[in-house]
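Read the numbers this way: they start at 1 and go in the same order the structure lists the ligands and their atoms.
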Amino acid sequence: MTTNPKVAIVMGSISDKDVMAEAGKALAEFDISYEAHVMSAHRTPDRVHDFVSAAYEKGFRVFIAGAGKSAHLAGVVASLSCLPVIGVPMQTSDLGGLDSLLSTVQMPPGIPVATTAIGKAGARNAGLLAVSILAASDEELYKKLKTFRASMAAKISKDDEQLQKEDWIVNR
Ligand code: RP5
C-alpha cells in the first residue's frame, strides 16, 4: 500500500484475496499505487456506499471489483461512481464462475462495468486494464505499457524459436 492511491481494489470476501492479488501485482509492476479492501454488496452495502461515494475526492481514478456467485459488487460500485469500474468474476465451486461472470457482465445500459475473464487471469487483466486507463492521460505510463507489450511479443518469438529446435511431434 502506498500514498495517493489511484486504483481501488475491492473484493466481496476475504476468500477472494488470492485471486485479487493478481490485480495488485500487475499494478505494482507499473508502480501504480492502490488500496485493497473487503466489502460486500450484499453483506455490507453501507460500507460499499460510503467508500465508493468518497473515492473520487480521495484521488481514486479506477475501481477493480472482484466478487463471486451473485456477483453484484462491480455493478453496485458502478452505480455509485462515474469512475471506470472493472469487474472480476470469481471462480465458484457450484457453477464454475459462470454465475459470477453473468452477474458481473450483464449490466443494463447506462451503467457500464468492463468485465474480465474468470479468476486469476481476469484479475491480472483487470490490473493491466487499469494501467491502460491511467496511461491514456499519462505519456510515461503509456510508454511503459508499450515496452511491456513489446517484451511479451519478444518472449513469444523466442518461445517459437525454441520450439523449432525441439523434436516435437507437430514439426515432424
Ligand atoms: C461473494 O461470495 C464473494 O465475493 C465470494 O466470492 C463469494 C463467497 O464468499 P464467502 O462465503 O467465501 O465469504 O460475495
Side-chain angles (χ1 to χ4, degrees), residues 1-136 141 145 148 152:
M1 211 137 350
T2 52
T3 50
N4 302 322
K6 288 256 173 67
V7 180
I9 299 176
V10 294
M11 60 199 92
S13 166
I14 195 69
S15 64
D16 303 327
K17 182 182 70 169
D18 291 347
V19 172
M20 295 310 288
E22 295 298 318
K25 281 184 213 163
L27 293 167
E29 285 170 32
F30 289 87
D31 298 315
I32 305 289
S33 54
Y34 63 92
E35 260 184 38
H37 296 281
V38 178
M39 57 186 71
S40 162
H42 308 113
R43 292 161 172 162
T44 63
D46 292 346
R47 196 175 155 79
V48 174
H49 179 275
D50 293 350
F51 179 76
V52 175
S53 306
Y56 184 85
E57 295 303 325
K58 285 186 182 165
F60 290 107
R61 290 299 175 260
V62 185
F63 284 103
I64 297 174
K69 298 180 180 282
S70 290
H72 297 131
L73 184 58
V76 169
V77 170
S79 77
L80 294 166
S81 174
C82 293
L83 290 172
V85 179
I86 306 166
V88 183
M90 292 299 123
Q91 189 140 26
T92 58
S93 49
D94 301 313
L95 297 172
L98 189 58
D99 42 356
S100 321
L101 173 64
L102 296 179
S103 306
T104 306
V105 78
Q106 281 294 75
M107 288 297 288
I111 306 292
V113 167
T115 305
T116 66
I118 296 166
K120 284 192 174 181
R124 177 158 178 80
N125 273 349
L128 293 174
L129 182 55
V131 174
S132 289
I133 291 167
L134 296 172
L141 190 56
L145 199 48
F148 167 80
M152 265 200 306

If we only count heavy atoms from C-beta on, is the [X] to [Y] side-chain gap below 4.5 Å?
X     : Y      : result
Ser40 : Met11  : no
Val62 : Tyr34  : no
Ile86 : Val113 : no

Just to confirm my output: which protein heavy-atom neighbour is closest to [atom], and how far is it?
atom                    : value
atom 12 (O) of ligand 1 : Ser15 OG, 2.7 Å
atom 5 (C) of ligand 1  : Asp16 OD1, 3.3 Å
atom 11 (O) of ligand 1 : Arg43 NH2, 3.2 Å
atom 13 (O) of ligand 1 : Ser13 OG, 2.7 Å
atom 1 (C) of ligand 1  : Gly68 O, 3.4 Å

Chi angles and distances behind the salt bridge (Lys or Arg N to Asp or Glu O under 4.0 Å) call for Glu35, Lys58: CA-CA 11 Å; Glu35 260 184 38; Lys58 285 186 182 165; over 6 Å; no
Under 3.5 Å, side-chain donor or acceptor atoms of residues 91-98 against the rest of the protein: list the pairs with distances, not counting sequence neighbours.
from  : atom 1 : to    : atom 2 : distance (Å)
Thr92 : OG1    : Gly96 : N      : 3.3
Thr92 : OG1    : Gly97 : N      : 3.0
Thr92 : OG1    : Asp99 : OD1    : 2.9
Thr92 : OG1    : Asp99 : OD2    : 3.1
Asp94 : OD2    : Lys69 : NZ     : 3.2

Residue Ala67 vicinity, atoms of ligand 1 by number, heavy atom under 4.0 Å: 4 (O)
Polar proximity ligand 1 side, Lys69 side, N/O cut 3.5 Å exclusive: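 Min N/O separation from ligand 1 is not below 3.5 Å for Lys69.
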Pair Phe60 and Phe51, ring centroids less than 6.0 Å apart: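 Yes, the ring centres sit under 6.0 Å apart.
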